[in-house]
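To keep things clear, I will list the structure first and then write my remarks on it.
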There are 2 protein chains.
Amino acid sequence: MPKYTKKNLSDEAFERLGEQFKAFSEPMRLRLIYALMDGEKTVSELVKETGGLQANVSKHLRMLLEAGIVERRKQGLNSYYSIADPSIFELCDLMCNSIRGRLTAELDSFSAARSSATA
Amino acid sequence: MPKYTKKNLSDEAFERLGEQFKAFSEPMRLRLIYALMDGEKTVSELVKETGGLQANVSKHLRMLLEAGIVERRKQGLNSYYSIADPSIFELCDLMCNSIRGRLTAELDSFSAARSSATA
DNA sequence: ATATACTATTACTCTATAGTAATGTGCTTG
DNA sequence: CAAGCACATTACTATAGAGTAATAGTATAT
């Protein structure tokens with residue numbers, strides 16, 4: 001028996017994973033998630049903060065809601081949205097670091113080129 | 001001065017982040033990434049393993065390449081692809097756990113409903 | 001009841017891209 | 001060099017979804 005066996009992922013698992021990643025794949029939705037890192041906010045607040053149109057913000061919030069990324073609480077005239085799953089912060093951090101890592105590597109390669117050119 | 005100030009993300013940062021997430025948002029690309037977790041493979045091997053058409057596999061590999069997620073090494077007739085950035089494993093794990101967490105919660109709520117119904 | 005404010009939905013256009021078939025490109029081998 | 005193989009690219013169709021304007025719901029206030 002091997003130390004580590006790669007788990008078999010079903011077709012459904014790949015679909016589900018893809019959908020989840022897709023929820024994070026639009027700048028507007030990332031802006032919304034980012035804005036909600038301060039805590040619960042209303043749609044109007046999010047509209048102001050992201051600079052989007054109300055209809056578009058509502059639509060993206062709906063997608064985030066259906067993806068299970070945010071929660072909604074209705075009170076009076078307002079809908080209050082908040083992050084449903086805190087593990088999202090880690091996820092975004094990790095992705096940011098991954099990008100940063102690659103950019104740093106790229107930057108280093110340029111520096112290396114310059115220093116070997118001037119050496 | 002506050003303990004923690006949320007970093008300001010530029011429009012470009014949101015775009016870049018979105019693009020990166022988008023690279024992970026298609027089942028076929030996830031299949032390819034998954035297949036490459038064993039290590040370097042040729043296109044033909046990936047075609048067999050994923051069950052996709054060659055043209056489609058090539059196209060998705062190109063996207064992963066441009067996103068910096070995989071690397072390519074050409075030798076003779078073959079192109080050998082491999083994961084470029086190991087932090088991708090963590091990323092996928094985290095996303096899987098996030099999904100698992102929510103499914104577990106959902107499952108629990110059903111169990112709770114049943115046990116309170118039968119209590 | 002009427003008016004107003006906040007949010008959600010609908011209908012539309014436009015763009016991006018997934019899948020596919022056909023073709024192109026470049027090695028390699030006889 | 002001619003044939004064959006691995007891979008990449010192109011051209012096409014079909015679908016999803018982003019942005020937007022207009023409209024519909026729904027709660028509150030007068």
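Per chain, numbering begins at 1; letters A, B, ... match sequence-line order. Bear in mind the structure is a predicted one, so any value in this text is a computation, not a measurement.
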**Report entry** Leu46(B) CG to dC7(D) P, straight-line distance once rounded to whole Å
**Finding:** 9 Å

Requested in this report: May I ask you to say what Tyr80(A) touches in the nucleic acid, namely base, sugar-phosphate or nothing, with a heavy-atom cut-off under 4.0 Å?
Outcome: nothing

Query raised in the report: Any donor and acceptor pair, going by atom type alone, linking the side chain of Glu45(A) with main-chain N or O of Thr42(A) inside 3.5 Å?
Result: yes

**Report entry** Length of the line joining Leu32(B):CG and dA8(D):P, which is rounded to integer Å
**Finding:** 12 Å

Report task. Could you tell me from which nucleotide to which nucleotide of DNA chain C, 5' to 3', there is an atom under 4.0 Å from chain A heavy atoms? Result -> dA5(C) to dT9(C)

Taking only N/O atoms, report every protein-nucleotides 21-23 of chain D pair under 3.5 Å with atom names and distance.
none

Query raised in the report: In residues 35-43 of chain A, which residues come under 4.0 Å of DNA chain D by heavy atom?
Result: none

Requested in this report: Using the side chain to side chain contact (heavy atoms under 4.5 Å, CB included) rule, take Leu91(A) and Phe24(A) through it: C-alpha gap first, then chi angles, then the decisive distance, then the call.
Outcome: CA-CA 10 Å; Leu91(A) 194 74; Phe24(A) 291 88; 3.9 Å; yes

Query - Residue-level proximity of residues 11-29 of chain A to DNA chain D when a heavy atom falls under 4.0 Å - result: Lys22(A), Glu26(A), Arg29(A)

Query raised in the report: In whole angstrom, what separates Leu61(B)'s CG from dT9(D)'s C1'?
Result: 14 Å

Requested in this report: For DNA chain C, determine which residues of residues 70-78 of chain B have any heavy atom closer than 4.0 angstrom to one of its atoms, and list them numerically.
Outcome: Gly76(B), Leu77(B)

Query raised in the report: Using 4.0 Å as the upper bound for N to carboxylate O, is an ion pair formed by Asp11(A) and Arg31(B)?
Result: yes

Report summary line: All heavy atoms of Leu64(B) vs all of Ala23(B), minimum pair found to be CD2-O, 3.9 Å

Query raised in the report: Between Ser25(B) and Lys22(B), is there a donor-acceptor pair closer than 3.5 Å when you use the side chain of the first and the backbone of the second?
Result: yes

Query raised in the report: Do any side-chain nitrogens or oxygens of His60(A) fall under 4.0 Å of OP1 or OP2 in dG17(D)?
Result: no

**Report entry** CA sep, side-chain torsions, deciding dist, call: Leu94(B), Leu94(A), side chain to side chain contact (heavy atoms under 4.5 Å, CB included)
**Finding:** CA-CA 9 Å; Leu94(B) 209 63; Leu94(A) 209 63; 4.2 Å; yes

Query raised in the report: salt bridge (charged side-chain N to carboxylate O under 4.0 Å, His left out) between Glu66(B) and Arg62(B): does it pass, once the steps are laid out?
Result: CA-CA 6 Å; Glu66(B) 283 171 353; Arg62(B) 187 183 206 281; 2.4 Å; yes

Requested in this report: Could you tell me whether the side chain of Thr104(B) and the main chain of Arg100(B) form a donor-acceptor pair under 3.5 Å?
Outcome: yes

Report task. Output yes when a side-chain donor or acceptor of Arg29(B) lies under 3.5 Å from a complementary backbone atom of His60(B), and no otherwise. Result -> no

Report task. Identify the two heavy atoms, one from Gln20(B) and one from Ala67(B), that lie closest to each other, and give their separation to 0.1 Å. Result -> NE2-O, 3.4 Å

Query raised in the report: Minimum heavy-atom separation for Ala84(A) to Gly68(A), with atom names?
Result: CB-O, 3.6 Å

**Report entry** Thr50(A) side chain to Leu46(A) backbone, donor-acceptor under 3.5 Å
**Finding:** yes

Query - Nucleotide dC7(D), atom P - distance to NZ of Lys48(B) in whole Å - result: 10 Å

Query raised in the report: Which heavy-atom pair separates Glu49(A) from Ala35(A) by the least distance, and what is that distance?
Result: OE2-CB, 3.6 Å

Report task. Return each pair, listed once, that meets salt bridge (charged side-chain N to carboxylate O under 4.0 Å, His left out) where at least one residue sits in residues 68-88 of chain A; pairs must be two or more places apart or across chains. Result -> Glu40(A)-Arg73(A), Asp85(A)-Arg102(B)

Report summary line: On a heavy-atom basis, the closest approach of Leu30(B) and Phe14(A) is CD1-O, 3.5 Å

Query - Distance test, side-chain N/O of Ser79(B) to OP1/OP2 of dA8(D), below 4.0 Å - result: yes

Query raised in the report: How close do Ile88(A) and Ile83(A) get, heavy atom to heavy atom, and via which atoms?
Result: CD1-CG2, 4.2 Å

